[in-house]
Q: 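I am attaching a structure below and will ask some questions about it afterwards.
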Amino acid sequence: MEPVCPIGLACASEISALLSPPSPLQVQEYYHNLLSSRGCSGISVKQDGNFGKGVYADMDFKEGELVLKDPMCVGVQHSLNKIDCLVCSFCFRFIGSIELQIGRRLYMKQLRANESHGCDVGNSSQHFHGMDSSDEEENTQHCTSGISKTKVPLPEGVVESLMKGQLMLPCSEKFTLLPAVPCPGGCGEAYYCSMSCAEADWESSHLLLCTGESSDPARREALLKFIKHANETNDIFILAAKAISSTILRYSKVKAASLEKQVKHDTSCVSNHRSLSFLLEAWRPISMGHKRRWWDCIALPDDVDSSDEASFRLQIKELAFESLQLLKVAIFDKECEPLFSLEIYGHIIGMFELNNLDLVVASPVEDYFLYIDDLTHPNKEEAEKITQPILDALGEDYSICCEGTAFFPLQSCMNHSCCPNAKAFKRDEDKDGQATIIAHRFIRKGEEITISYVDEDLPFEERQASLADYGFRCRCPKCIEEEP
């Protein structure tokens, strides 16, 4: 049975207004202001009646030249990746120290080894920044056989010393990271590279999504249930929660600014029309993204037969509804009620499905071990006496990067081509989660800047099949030439 959303029926007109595409003038004004506020030069966003938005070059770009660095609108680190990579919850820069990063990975590797041998060492998925020495002693007392069976066991106390900063690795001072700043709400889940990032995340969405002990117990319990459901099903729900939370918080700011201009105006006297106008303004950043309902646009998995497509899409819709009900209990705001309709929730997630870019930040741990490997004798020999056993214990896990998904407001405006003139590419100096777009070839002033949504080296039919999930058939020069 199709899930029924009462809010969708009660707020039908408001939902329709929120989902109405912005006018060309609104698009032009929004992106002009966005580019100006970020100090971006050399590009512009234009609206085309046939093909929607596009990004255009206002100057020549040489091959390999930076076209754009685009801070994300919302982003999330994959839940399992949090175990291996401690990064800023706002800009996704690696934080702490090389020793802490390595120590956390080794600790989790030991937990996994212990669990595989049936040892009771607690919940290995627990996210942490550091740990008390008594905790580690207690865990090692529960079972030591798993640790002894790792490929290359380390001397006792090495992991703890790394995590506590008591053991300094050779040359690690050349790879200094910003210290980890805990969440101001005390949730123990979010850490930041600076107070400015902590405050920015708090003001943008984390204020409503923090599970710290200082939050309301009922709301905290509801949030934990929502997060658990997202971690077990799809962390795109966390991203949708951030989008809704940020809209609610913007709504409050817009409304407060408007009321300040009025002389002692009672907030209860604000008309429904005014409330909707506040909500539409707060919704503006999300309104700009191309949207379809998630259950309509999600690609059919390879293991699902086409005859079962209707059933699959209904299951996706039911999953979204289940997630929405959990989120509604946690952060529902009556004045922003339309945001909690299944129609809005589905369109937000669908926007991410169609527009998101992989969030990837290279690990400084990999750079550190490569640096040690490049040392000359006798410095290399001395350093490897300490680092080689650690590298052997890490195994292939030493190079794990930060991974997640994010919605980037400017990158998402870039149209596809199977012969693109630009590409998303992280350079050595790009240490955070911003989208970095590089010229793939020479781009002339006035030319549209395009990227590829798929592997452009795939055969024609495979490319077209992949692009069908985005709702269009590619007519770029390469596809026209290769079309049978």
Q: According to salt bridge (charged side-chain N to carboxylate O under 4.0 Å, His left out), who are the partners of Asp308, at least two apart in sequence or on a separate chain?
A: none
Q: At their closest point, which heavy atom of Ala230 faces which heavy atom of Phe237, and how far apart are they?
A: CB-CB, 4.0 Å
Q: Quick test of your reading: applying ring pair (Phe, Tyr, Trp, His ring centres under 6.0 Å), list the pairs with at least one residue in residues 4-32, sequence neighbours left out, ordered by first then second residue.
A: none
Q: CG of Asn231 to OG of Ser79: how many Å apart, nearest 0.5 Å?
A: 4.0 Å
Q: Hey, what do you get for CG (Leu80) to NZ (Lys82), rounding to the nearest 0.5 Å?
A: 10.5 Å
Q: Show the atom names and distances, to 0.1 Å, of all donor-acceptor pairs under 3.5 Å that link a side chain in residues 353-363 to residues at least two apart or in another chain.
A:
| from | atom 1 | to | atom 2 | distance (Å) |
| --- | --- | --- | --- | --- |
| Glu353 | OE1 | Trp294 | NE1 | 3.1 |
| Asn355 | ND2 | His290 | O | 3.0 |
| Asn355 | ND2 | Met351 | O | 2.8 |
| Asn356 | ND2 | Thr405 | OG1 | 2.9 |
| Ser363 | OG | Arg105 | NH2 | 3.2 |
| Ser363 | OG | Val365 | N | 3.0 |

Q: Show me the donor-acceptor pairs within less than 3.5 Å that the side chains of residues 197-205 make with the rest of the protein, sequence neighbours left out.
A:
| from | atom 1 | to | atom 2 | distance (Å) |
| --- | --- | --- | --- | --- |
| Asp201 | OD2 | Tyr192 | OH | 2.5 |
| Ser204 | OG | Ala200 | O | 3.0 |
| Ser204 | OG | Asp201 | O | 3.1 |

Q: Between Ser89 and His206, does a side chain to side chain contact (heavy atoms under 4.5 Å, CB included) hold up when you go through it step by step?
A: CA-CA 10 Å; Ser89 295; His206 196 62; over 6 Å; no
Q: Listed by chain and number, what are the side chain to side chain contact (heavy atoms under 4.5 Å, CB included) partners of Glu173, not counting sequence neighbours?
A: none
Q: Which residues pass the salt bridge (charged side-chain N to carboxylate O under 4.0 Å, His left out) test with Lys225, sequence neighbours left out?
A: Glu221
Q: Would a distance-only check, ignoring hydrogens and angles, find a side-chain to backbone donor-acceptor pair under 3.5 Å from Gln101 to Leu86?
A: yes
Q: List the atom pairs, donor and acceptor, that lie under 3.5 Å between side-chain atoms in residues 67-76 and the rest of the protein, sequence neighbours left out.
A:
| from | atom 1 | to | atom 2 | distance (Å) |
| --- | --- | --- | --- | --- |
| Lys69 | NZ | Asp430 | OD1 | 3.1 |
| Asp70 | OD1 | Arg38 | NH1 | 2.4 |
| Asp70 | OD2 | Leu410 | N | 2.8 |
| Asp70 | OD2 | Gln411 | N | 2.8 |

Q: For the residue pair Ala17 and Leu276, what are the closest heavy atoms and their distance?
A: CB-CD2, 4.4 Å
Q: Say whether, by atom type as modelled, one donor and one acceptor occur between the side chain of Ser287 and the main chain of Arg284 under 3.5 angstrom.
A: yes
Q: Taking all non-hydrogen atoms of both residues into account, name the closest pair between Glu99 and Ser172 and its distance.
A: OE2-OG, 2.6 Å
Q: Any donor and acceptor pair, going by atom type alone, linking the side chain of Lys426 with main-chain N or O of Asp432 inside 3.5 Å?
A: yes
Q: For the CD1 atom of Ile227 and the CD1 atom of Ile238, what is their distance to the nearest 0.5 Å?
A: 5.0 Å
Q: Which residue pairs pass the side chain to side chain donor-acceptor pair (under 3.5 Å) test when at least one of the two sits in residues 329-339, sequence neighbours left out?
A: Tyr251-Glu335, Lys255-Glu335, Lys334-Glu337
Q: Under a 3.5 Å distance rule, please check whether His416 uses its side chain to pair with a backbone N or O of Tyr453 as donor and acceptor.
A: yes
Q: Going by heavy atoms in the side chains, are Phe340 and Ile248 under 4.5 Å from each other?
A: yes
Q: Identify, with sequence neighbours excluded, every residue that meets salt bridge (charged side-chain N to carboxylate O under 4.0 Å, His left out) alongside Arg220.
A: Glu213
Q: For Gly103 versus Val159, what's the shortest heavy-atom pair and its separation?
A: O-CG1, 3.5 Å
Q: Could you report the tightest heavy-atom contact between Leu208 and Arg219, atom names first, then the distance?
A: O-NH1, 2.6 Å
Q: Apply side chain to side chain contact (heavy atoms under 4.5 Å, CB included) to Ile438 and list each qualifying residue two or more places apart in sequence or on a separate chain.
A: Leu66, Phe425, Arg427, Thr436
Q: So, do Ser215 and Cys210 sit near enough that their side-chain heavy atoms are less than 4.5 Å apart?
A: no
Q: Tell me whether Asp428 at atom CG has more than 12 heavy atoms from other residues, nucleotides or ligands lying less than 6.0 Å away.
A: no
Q: The criterion is salt bridge (charged side-chain N to carboxylate O under 4.0 Å, His left out); which residues satisfy it with Lys46, sequence neighbours excluded?
A: none
Q: Given 3.5 Å as the limit, does a donor-acceptor pair link the side chain of Thr247 with the main chain of Ala243, or not?
A: yes
Q: Taking 4.0 angstrom as the limit, do Asp367 and Lys431 come out as a salt bridge?
A: yes
Q: Nearest 0.5 Å, what's the CE-OG distance between Met168 and Ser161?
A: 12.0 Å
Q: Of all the heavy-atom pairs spanning Ala240 and Ile349, show the shortest one and how long it is.
A: CB-CG1, 3.8 Å
Q: Please indicate whether Gln28 has more than 12 foreign heavy atoms, meaning atoms of other residues, nucleotides or ligands, lying under 6.0 Å from its CD.
A: no
Q: Quick one: are Lys291 and Ile286 in side-chain contact, heavy atoms under 4.5 Å?
A: yes
Q: Distance from Ile344 atom CD1 to Ile244 atom CD1, nearest 0.5 Å?
A: 8.5 Å
Q: Donor-acceptor pairs under 3.5 Å, side chain of residues 320-329 to any protein atom, not counting sequence neighbours: which ones?
A:
| from | atom 1 | to | atom 2 | distance (Å) |
| --- | --- | --- | --- | --- |
| Ser323 | OG | Tyr345 | OH | 2.7 |

Q: Would you say the side-chain atoms of Arg292 pair up with the backbone N or O of Gly350, donor to acceptor, closer than 3.5 Å?
A: no
Q: Decide side chain to side chain contact (heavy atoms under 4.5 Å, CB included) for Leu339 and Trp283; before the verdict, give the C-alpha distance in whole Å, the side-chain angles of both, and the deciding distance to 0.1 Å.
A: CA-CA 9 Å; Leu339 299 180; Trp283 173 255; 3.8 Å; yes
Q: For Met288, does its backbone N or O pair with a side-chain atom of Lys53 as donor and acceptor, under 3.5 Å?
A: yes
